[in-house]
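Report on one structure; see the data block that follows.
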Amino acid sequence: MTAWLTTGILFTFAAIAFVLYRWGNVKCIGVTPVRTFTFIAILFTSGLDVGLIMFPLTEFAGYADLSTSPEYGFSNPLAIEFGFWAFLIWAFYFLTCFYFCVIEPRVKFFEIPLVKFINNLVIIGTCAFTAYLLLTNLPWYLPEIGDGESVVGTFYLIVFVVIAAAVYSSTSIRYVRTLSLASTWLFIGLIALMWAGAFLSPESGVGEFVTTFALLGDYFGNLHHFVLPLNDYHEFYLFWWFAWSIMIGQFTSRFVGGMKTYQVLIAMMVFPSIPIAIWFSVLYYYSVNEIATAGFYNIAMVTVGITFVVNSLDSLTRLYTDNLNLTVQRFGKAKYVVGNIVLMSALTLLFSLDFLQIQWVGALAIALILACFGYIMATKYQKVAAIERSPKENQIDFSKIELAN
């Protein structure tokens, strides 16, 4: 699996370099363009899930334990956490976003029946894994419910309600903008709340935050360490990012509003990384100084995490139901909602039983990416080589989002 992952990573970065060289100044226009801030909000909240909120506090200590994991010794835990979640790996999303916005309309590789089937397996599997992550992390953040370790009935109920809310909101794409902007502002509010709790106390100050934030500079000084997997855990993360990459690119490509290709890359790598950097710095300060988050802070984090999950599942459910023509228009809202809730709930349980692994899903995504390149080279080379702009039918009209179903 490591060799397969390495092949996928090296191909992805080579493809990004070629895209910038060949189409760096092409204006990217999606079928439902939105303004840049809205696009970034959709990208950020669709491209991340509950792990961003819930994982760091459980992981910092592991990155600091060099006796168990000496491979982390080149940097500090904050920089390593940032490297697993931000900046460089968001380039995966850029490549697929550009492809679906500019190239796929001419190639139609993902409309081939077998490819469409495999792609939707990836999407559905990743949806279920997102819900599974929420389920498995709730005991740590809500120890007041149960024994703080086991998944109890209440947690299953919470995840079921989250799945139901996401499926319902996916019935109309108009909910995407509202949900994405709301998720973004809630996350910003959570950062401000916990930042104030840590750095406005008499024992610390803004200078402490600056000192903690500065540790992230070590990530950029050791960027090369994060390209290929450091160990099995980093490999898990990279497969996870690949699992997301095709569907997030496919989804976000709809909303690109006229930015040039290189600007899309900058937007995707830089803008999401800024709040992630601030958020992780705040959490790292809590971790290092053993500041308790039990109670109100944990509830606030779970609330924002749930919002992220609803947002992600909304986007992905909408995507795979559109791809498979399992739409509200075809089946009616009641059948659509019930069918998708049953499917997502069943697959979430399969992940909880260790029957499914996200690494398998990521490996399938890499296979699709490499197969797409082979298909272009074999059958569509001249057509792709002639591309000079986004599809003519895609025009910058920010009112389209209001008219979409």
Side-chain angles (χ1 to χ4, degrees), residues 44-45 48-66 68-69 72 75-86 89 129-151 155 158-159 162 183 186-201 203-204 208-209 211-216 218-219 230-231 233-234 236-237 240-241 272-309 312:
F44 184 70
T45 52
L48 289 169
D49 61 18
V50 68
L52 176 74
I53 306 295
M54 294 186 164
F55 272 23
L57 282 177
T58 67
E59 292 178 329
F60 287 132
Y63 300 147
D65 184 5
L66 299 184
T68 302
S69 303
Y72 296 134
S75 191
N76 62 76
L78 175 57
I80 290 170
E81 188 75 49
F82 183 79
F84 280 24
W85 281 96
I89 46 181
F129 184 70
T130 298
Y132 163 74
L133 285 180
L134 175 63
L135 178 66
T136 55
N137 278 275
L138 283 174
W140 197 93
Y141 281 84
L142 296 175
E144 301 87 353
I145 301 175
D147 58 10
E149 295 181 1
S150 305
V151 176
F155 297 143
I158 291 172
V159 173
V162 168
S183 300
L186 278 173
F187 182 53
I188 291 171
L190 177 65
I191 293 173
L193 173 70
M194 296 192 67
W195 185 92
F199 298 107
L200 294 184
S201 62
E203 299 81 18
S204 61
E208 291 284 346
F209 170 73
T211 300
T212 304
F213 188 82
L215 295 172
L216 289 168
D218 212 34
Y219 164 75
L230 295 165
N231 55 18
Y233 194 56
H234 189 208
F236 154 78
Y237 261 103
W240 186 9
W241 280 93
S273 295
I274 293 171
I276 292 173
I278 297 171
W279 172 240
F280 284 179
S281 297
V282 171
L283 289 183
Y284 188 59
Y285 187 82
Y286 273 79
S287 177
V288 169
N289 292 279
E290 299 181 346
I291 301 173
T293 61
F296 176 73
Y297 286 142
N298 276 359
I299 292 173
M301 283 191 279
V302 168
T303 301
V304 176
I306 285 174
T307 307
F308 269 42
V309 173
S312 297

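In this structure, the side chains of L138 and V151 stay at 4.5 Å or more apart for every pair of heavy atoms. Between L193 and Y297, the closest side-chain pair of non-hydrogen atoms falls below 4.5 Å. Using a 4.5 Å cut-off on side-chain heavy atoms (C-beta onward), Y286 and M194 make contact. Under the 4.5 Å side-chain criterion, counting only non-hydrogen atoms from C-beta, L142 is in contact with I299. With contacts defined as side-chain heavy-atom distances shorter than 4.5 Å, the pair N137/M301 does not qualify. With contacts defined as side-chain heavy-atom distances shorter than 4.5 Å, the pair T307/F187 does not qualify.
Taking the six-membered ring for Trp, Y63 and Y72 have ring centres closer than 6.0 Å. The six-membered or imidazole ring of Y237 lies near that of W85, with a centre-to-centre distance under 6.0 Å. Between F236 and Y233, a ring centre-to-centre spacing shorter than 6.0 Å is recorded.
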Requested in this report: Please step through side chain to side chain contact (heavy atoms under 4.5 Å, CB included) for the pair Y285 and F209, ending with a clear verdict.
Outcome: CA-CA 8 Å; Y285 187 82; F209 170 73; over 6 Å; no

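Closest non-hydrogen pair, H234 versus L230, comes out as ND1-N, 2.9 Å. For S183 against F308, the heavy-atom pair with the smallest separation is O-CE1, 3.8 Å.
Between the side chain of W140 and the backbone N or O of F55, no donor-acceptor pair lies under 3.5 Å.
In this structure, I291 CD1 and L57 CG are separated by 10.5 Å, a value rounded to the nearest 0.5 Å.
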